[in-house]
Amino acid sequence: MPSSIRKFGNFLAAPFKTLFLETFTWWHRQTLGVWWHTLRRGSLVGADEFGNRYYRDRRDASRRWVVYAGEIEASNIPPGWHAWLHHTVDESPAEQKRYTPRPWEREHLPNLTGTPDAYAPKGSLRRGTHARNDDNYHAWNPEGDKK
């Protein structure tokens, strides 16, 4: 097969794969329905440092949504944008002249669930040792303590 045909075939494969993924899967970015709704009714408000884009409905300003740049993961939204999406604040970080994080906001951390760095409470088997709590655990006795 000539190399020009192979290159053309690879060129066509990428758009069809993207079209297929956006049609039938919601976890890769956005579906065609979200894309169409965003095209028809969305007004771009801004983007964050991760490449996520935030939109507001042109007709109903109370409707807000995000189009993720990569994997759809809610923990990939910074605190300021999260507050705007959930109507905690009226101005988005892009609309503010200078966004200042509130004292209780922390730096973004990815969701660590399912990784070795996930949180393990005291006494968890994942910490390697299991703490026994015989001192402060007493089984319930339906007849009461009749000793």
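Checked by atom type and distance alone, the side chain of Arg56 never pairs as donor or acceptor with a backbone atom of Trp65 at under 3.5 Å. The backbone N or O of Ser92 lies less than 3.5 Å from a partner atom in the side chain of Glu95, making a donor-acceptor pair. No side-chain donor-acceptor contact under 3.5 Å links His37 to the backbone of Gly42. With hydrogens and angles ignored, the 3.5 Å screen pairs no side-chain donor or acceptor of Asn52 with any backbone N or O of Ile77.
Scanning both residues, Gly80 and Pro93, for their nearest heavy atoms gives C-CG, 3.6 Å. Gly46 and Trp81 get closest at one heavy-atom pair: CA-CH2, 3.9 Å.
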* Trace of the side-chain hydrogen bond (donor to acceptor under 3.5 Å, both in side chains) decision for Asp117 with Thr115 -> CA-CA 5 Å; Asp117 296 329; Thr115 68; 5.0 Å; no
* Asked: Where do His86 and Arg64 land on the side-chain contact (heavy atoms from CB on, under 4.5 Å) test, with the steps shown first?
  -> CA-CA 8 Å; His86 293 275; Arg64 303 168 179 178; over 6 Å; no
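Counting heavy atoms of neighbouring residues, nucleotides and ligands inside a 6.0 Å radius, atom NE2 of His82 does not exceed 12 of them. The number of heavy-atom neighbours closer than 6.0 Å to CG of Asp60, taken from other residues, nucleotides and ligands shown, is above 12.
Interatomic distance, Arg63 CZ to Ser43 OG, rounded to the nearest 0.5 Å: 14.0 Å.
Looking at residues two or more places apart in sequence or on another chain, you find a side-chain contact (heavy atoms from CB on, under 4.5 Å) between Arg59 and Arg41, Asp57. Partners of Ala47 under the side-chain contact (heavy atoms from CB on, under 4.5 Å) rule, at least two apart in sequence or in another chain, are Arg53.
Using a 4.5 Å cut-off on side-chain heavy atoms (C-beta onward), Pro78 and Phe50 make contact.
Both Leu44 and Val67 belong to a common hydrophobic cluster when Ile, Leu, Val, Met, Phe, Trp and Tyr are linked at side-chain heavy-atom distances under 4.5 angstrom.
Between Tyr54 and Trp84, the ring-plane angle classifies as perpendicular under the 30° and 60° cut-offs.
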